[in-house]
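Worksheet for the structure shown next.
When a residue number appears, it is its place in the shown sequence, counting from 1.
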Amino acid sequence: MRPAGWWALLRQGHFAIHPSRLPMAFAITFATGVNTLLAGLQWLIYGRKLASNELVSPPIFIIGHWRSGTTLLHELLVLDARLSSPSTFQCFAPHHFLVSEWFFRWFCGWLLPGKRPMDNMAAGWDRPQEDEFALVNLGLPSPYRRIAFPHNPPPDLDYFDTEQLPAGEIKVWTAALDQFLRRVSFRTGRPLVVKSPTHTGRIATLAKAFPGAKFIHITRDPRNLFPSTVRLWRSLDEAQTLQTPSDTGLEEYVIDCFQRMDVALQRDREKIDPGHFVELRYEDLIADPVAQVEAIYGQLRLGDFDYVRDVLVAWAAKEHREYKVNQHRLSAEHEAMIHQKWAGYFERYGY
């Protein structure tokens, strides 16, 4: 973040920082100044080129609720060397990655764990990442601001459904996303595969902002989604919050976010060209990843699948075999609750 964005986040959180997290807050405050200097350097070097840069082609958006397999699908698609994606470093340093990414790749890999804390997926500065983190770091409203102050009422819930926002806010939001993706495209020179669960309820907005964009929606049994998402937020709260971790209202928050995104998705999916929208189930992806990705290539016309077939087969033979899916326990009370709250999803996708 830069100072203005950091100050806005603190103000939104009413500066309710726990004393044990003050060192983190001071470190971030220092980093905002560094970010500003590096952002200025990037503008001096690349400003003119970035002003005229265009996306190589409309993005491919991977959508679906948290823990539905969006990360796995993201990793699989970018095994195709013809495609690219925002990296972890680019999303966490969106202001200046063009001038600073090389340094962190070479010298700061130790800052990240080898595995993500919420599952068994690999982590690293070069790994594909959610662009929602870039939007937060650019100072835009985002539900992810909750991570900083989980004790406070959840912020920016209206950004789960951007079609309901005032036109001026939509314009600012889409312009910031477009500029970020253009910078990533400038770096990679290839079409982008973009993944964020928060985009699930934004497909109409994204289709208008990026004409020709394609969407891949992945679903998963809610009896696994719910406990896994609760665990996700707990792990993020332990590592990232400026307050002490808290489970207060967490389950209700997961229920609410799911409903907001699903309602918006079902309302707007008919606005998307059928040839630009495809759905698959996580359970099918895990059972046969090569066949499922091949089907996506065919339905969305992503190019010659034979180009990447051998790479995916090799991945399935090694990485997929070694990958362990976390096991989750769901109480009878919670199962009854999500059956009631998410009944439409259960019925629609055959769970």
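Under the rule for a salt bridge (Lys or Arg N to Asp or Glu O under 4.0 Å), E252 has no partner lying at least two apart in sequence or in another chain. Checked against side chain to side chain contact (heavy atoms under 4.5 Å, CB included), L302 has the following partners two or more places apart in sequence or in another chain: I60, K214, I296, Y297, L300.
W173 and L138 fall within a single hydrophobic cluster, where Ile, Leu, Val, Met, Phe, Trp and Tyr are joined by side-chain heavy atoms under 4.5 Å apart, directly or via other members. Residues L225 and L236 fall within the same hydrophobic cluster, defined by Ile, Leu, Val, Met, Phe, Trp and Tyr side chains chained together at heavy-atom separations under 4.5 Å. Linking ILVMFWY side-chain heavy atoms closer than 4.5 Å, directly or via other members, places F305 and I216 in a single hydrophobic cluster. The hydrophobic cluster containing L165 does not contain V263, counting ILVMFWY residues as joined when their side-chain heavy atoms lie under 4.5 angstrom apart, directly or transitively. Hydrophobic clustering places I170 together with V172 (ILVMFWY residues linked when any side-chain heavy atoms are closer than 4.5 Å, directly or through intermediates).
Distance check, rounded to the nearest 0.5 Å: CD1 of I62 to OG of S196 gives 10.0 Å. Remark: I286 CD1 to L72 CG distance equals 5.0 Å, nearest 0.5 Å. The CD1 atom of I255 sits 6.5 Å away from the CD atom of Q259 when rounded to the nearest 0.5 Å. One finds the CD atom of Q129 at 4.0 Å from the OG1 atom of T88 (value rounded to the nearest 0.5 Å). Here Q90 contributes atom CD and L181 contributes atom CG; the two are 10.5 Å apart, rounded to the nearest 0.5 Å. Atom CG of residue D268 and atom CG of residue L265 lie 8.0 Å apart, to the nearest 0.5 angstrom.
In the displayed structure, K171 atom NZ is contacted under 6.0 Å by at most 12 heavy atoms of other residues, nucleotides or ligands. Other residues, nucleotides and ligands contribute over 12 non-hydrogen atoms within 6.0 Å of the OH atom of Y349.
Of the N and O atoms on the side chains of S68 and R220, not one donor lies less than 3.5 Å from an acceptor on the other residue. With 3.5 Å as the limit, one finds a donor-acceptor pair spanning the side chains of H217 and E279. Counting only N and O atoms by type, the side chains of R21 and H18 include no donor and acceptor under 3.5 Å apart. Using modelled atom types and a 3.5 Å distance limit, the side chains of N152 and H14 yield no donor-acceptor pair. A donor atom on one side chain and an acceptor atom on the other are not found under 3.5 Å apart for K195 and S85. Side-chain contact of Y282 with Q292: a donor-acceptor pair under 3.5 Å is absent, judged by distance alone. With hydrogens and angles left out, the side-chain atoms of T29 and W6 include a donor and acceptor closer than 3.5 Å.
H65 is not listed as a side-chain neighbour of T200, based on a closest heavy-atom distance of 4.5 Å or more. Inter-residue side-chain proximity for T174 and L177 is flagged as unmet; no heavy-atom pair is nearer than 4.5 Å. Looking only at side-chain heavy atoms (C-beta outward), W315 and L76 come within less than 4.5 Å of each other. Between F92 and F97, the closest side-chain pair of non-hydrogen atoms is not below 4.5 Å. L38 is not listed as a side-chain neighbour of H95, based on a closest heavy-atom distance of 4.5 Å or more. Side chains of R202 and T162 form a contact here, defined as non-hydrogen atoms less than 4.5 Å apart. Residues R183 and D178 fail the side-chain proximity criterion, which asks for heavy atoms closer than 4.5 Å. Side chains of M1 and I28 form no contact here, defined as non-hydrogen atoms less than 4.5 Å apart.
Looking at every heavy atom in both residues, P23 comes nearest to S20 through CD-O, 3.7 Å. Across all non-hydrogen atoms, the minimal contact from P222 to P227 is O-CD, 4.2 Å. Pairing each heavy atom of P94 with each of A134, the nearest pair is CG-O, 3.7 Å. L285 and G69 get closest at one heavy-atom pair: CD2-O, 4.4 Å. Closest of all the heavy-atom pairs between L192 and S84 is CD2-OG, 3.1 Å. When all heavy atoms of V99 and R187 are compared, the pair lying nearest together is N-NH2, 4.4 Å.
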* When you look at D284 and D288, which way does the side chain to side chain contact (heavy atoms under 4.5 Å, CB included) test go after all the steps? -> CA-CA 6 Å; D284 295 333; D288 193 344; over 6 Å; no

* Take S87 and E101 through the test side-chain hydrogen bond (donor to acceptor under 3.5 Å, both in side chains) and record every step on the way to the result. => CA-CA 10 Å; S87 71; E101 190 169 17; 3.1 Å; yes

* To do: Decide yes or no on salt bridge (Lys or Arg N to Asp or Glu O under 4.0 Å) for E163 and R267, but give the supporting numbers first.
  => CA-CA 11 Å; E163 284 296 283; R267 182 196 66 217; 5.7 Å; no

* Asked: L135 and Y144: side chain to side chain contact (heavy atoms under 4.5 Å, CB included), yes or no, with the steps?
  -> CA-CA 9 Å; L135 298 177; Y144 279 13; over 6 Å; no

* **Chi angles and distances behind the side chain to side chain contact (heavy atoms under 4.5 Å, CB included) call for F15, W7** => CA-CA 9 Å; F15 300 90; W7 178 259; 3.6 Å; yes

* Asked: I63 and T70: side chain to side chain contact (heavy atoms under 4.5 Å, CB included), yes or no, with the steps?
  -> CA-CA 7 Å; I63 58 175; T70 56; over 6 Å; no

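The main-chain N or O of A81 is found under 3.5 Å from a side-chain atom of R190 such that the two form a donor-acceptor pair. A donor-acceptor pair under 3.5 Å is absent between the side-chain atoms of T229 and the main chain of V254, judged by distance alone. Remark: the backbone N or O of T198 is not paired with any side-chain donor or acceptor of E132 at under 3.5 angstrom. Checked by atom type and distance alone, the side chain of T241 never pairs as donor or acceptor with a backbone atom of E238 at under 3.5 Å. Side-chain N or O atoms of D161 include none that pairs as donor or acceptor with a backbone N or O of R260 at under 3.5 Å. Here the side chain of D247 pairs no donor or acceptor atom with the backbone of L250 at under 3.5 angstrom.
Taking the six-membered ring where the residue is Trp, F226 and H334 present tilted rings, their angle falling between 30° and 60°. Classification of the F277-F215 ring pair by plane angle, with boundaries at 30° and 60°, yields tilted. In this pair, W66 and W233 present their aromatic rings perpendicular. The plane angle is above 60°, beyond the 30 to 60° band.
Its side chain outside the 4.5 Å cluster rule for every partner, L37 clusters with none of the Ile, Leu, Val, Met, Phe, Trp and Tyr residues.
Sorted by first and then second residue, the salt bridge (Lys or Arg N to Asp or Glu O under 4.0 Å) pairs with a member in residues 338-351 read D262-R348; sequence neighbours excluded. Residue pairs that meet the salt bridge (Lys or Arg N to Asp or Glu O under 4.0 Å) test with at least one member in residues 145-159, sequence neighbours left out, are R145-D156, R146-D237. Applying the salt bridge (Lys or Arg N to Asp or Glu O under 4.0 Å) test to every pair with at least one member in residues 45-64, sequence neighbours left out, gives these pairs: E54-R182.
Applying the side chain to side chain donor-acceptor pair (under 3.5 Å) test between Y351 and each of N224, D221, T219 identifies T219 as the sole match.
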